[in-house]
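Each remark here refers to the structure printed beneath this line.
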Amino acid sequence: MVRIPYHFILEEIVKIKTTRFGELEVNPSDIVTFSEGLLGFESLKKYFVVDPGDSTLILWLQSTEDEKVAFPIIEPKIFKPDYIAKLLPADLNGLELESLQAARLYSILTIPATVTEMSANLKAPVVINSTKKVGKQIVLQDSKLSVKHEMYKELKTYIVSFSSDDAKRTTFTSSIALEAGELKTPTTFNSRNLEA
Amino acid sequence: MLVLTRKLGESIAIDDNIKIVVVQIKGKQVRLGIKAPKETKIHREEVYQAIQDQNTEAVQADMSDIARLGEELKKK
């Protein structure tokens, strides 16, 4: 009798068609459920993060249910180091976060044909619990945050200074804070290798 | 939709813990005061609309634009 090692009987890889990246092989455990969908896209609940590995540092939140739907996203700390997403207790509903360590924070980007006018939505970031694989677009209460924060220059500054650096990885401090505030430990993000 | 008429200074209670007060009436504008538990999310409706519009615009991002963006970002 041949015994199959345990790690071989993991879930089967699924193939998902996307208009931008062709057919992708996705591990079902990488699929994130947005039980409320995203604003304007309430019917789409399942997404996964695509890292095309290009120099822009932009990732994509790709729908598994509609091949055309993919949101360009980026970690806001990259272009706005002082950005803090203050979450209210109600924001945490459904995120199953036991600690902020598991929380990943992304801003959705709008990239028009005039690319230098790209903007990030700071008012309504996407928070993903990377352990439980659940996510939510959260509308922050802070009225000073813009849904259309132009950030091309900030991103460029970061990329230019980064690529002249020998360090291949850098760590970001998490930009999530709880309004209730008992979890104060900063989370660290690892940025991707820019040379990749 | 339930429609109620209120005068200046009068209020509406929702559940046991939310209270909306008419604070000021000036021409076509009404100022409302809202008392609610900290975890209640309160936003002007336009905020949601603006986010929806932004999301709709975001998914239109084109890979050729991203490629151009990559080139622009690399320029010194």
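Lettering follows sequence order; numbering is per chain, from 1. As a basis for the values below, the full set of heavy atoms in this structure was taken, side chains included, without hydrogen atoms, waters or symmetry mates.
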For the side chain of A:E65 and the backbone of A:K45, is there at least one donor-acceptor N/O pair under 3.5 Å apart?
yes
Between A:E23 and A:T18: side-chain donor-acceptor atoms closer than 3.5 Å
no
Between A:V139, A:V69, A:I108, which residue shows the highest count of heavy-atom pairs closer than 4.5 Å to chain B?
A:V139
Given the options A:I73, A:L109, A:V50, A:I58 meets side-chain contact (heavy atoms from CB on, under 4.5 Å) only with A:L109
Top contributor to chain A interface from B:M63, B:Q54, B:E57, B:Q52 [non-hydrogen pairs under 4.5 Å]:
B:Q54
Any residue of residues 9-32 of chain B which, by heavy atoms, sits under 4.5 Å from chain A:
none
Less than 4.5 Å to any heavy atom of chain B: does that hold for the side chain of A:S119, its backbone, both, or neither?
side chain
Salt-bridge test for A:D91 and A:K86: reply yes if a basic N is under 4.0 Å from a carboxylate O, no otherwise.
no
Any B:K41 side-chain heavy atom under 4.5 Å of A:I138 side chain
yes
Check for a donor-acceptor pair, side chain of A:R20 on one end and backbone N or O of B:A61 on the other, with a separation under 3.5 Å.
yes
For residues A:P76 and A:L105, report the shortest heavy-atom separation together with the two atoms involved.
CD-O, 3.4 Å
Contacting region of A:E42 [heavy-atom separation from chain B under 4.5 Å]:
side chain
For A:K132 and A:A102, indicate whether the former's side chain and the latter's backbone hold a donor-acceptor pair under 3.5 Å.
no
Could you check if a side-chain atom of A:Y47 sits within less than 4.5 angstrom of a side-chain atom of A:F71, using non-hydrogen atoms only?
yes
Let me know if B:Q60 has heavy atoms under 4.5 Å from chain A in its side chain, its backbone, both or neither.
backbone
Where does A:L140 contact chain B at under 4.5 Å (heavy atoms): side chain, backbone, both or neither?
backbone
Name the member of A:L38, A:L61, A:L155, A:T114 that forms the most heavy-atom pairs with chain B at distances under 4.5 Å.
A:L155
Please classify the contact between A:K123 and chain B as side chain, backbone, both or neither, with a heavy-atom cut-off of under 4.5 Å.
side chain
Mind jotting down which residue pairs meet the ring pair (Phe, Tyr, Trp, His ring centres under 6.0 Å) criterion with at least one end in residues 97-140 of chain A? Sequence neighbours excluded, please.
none
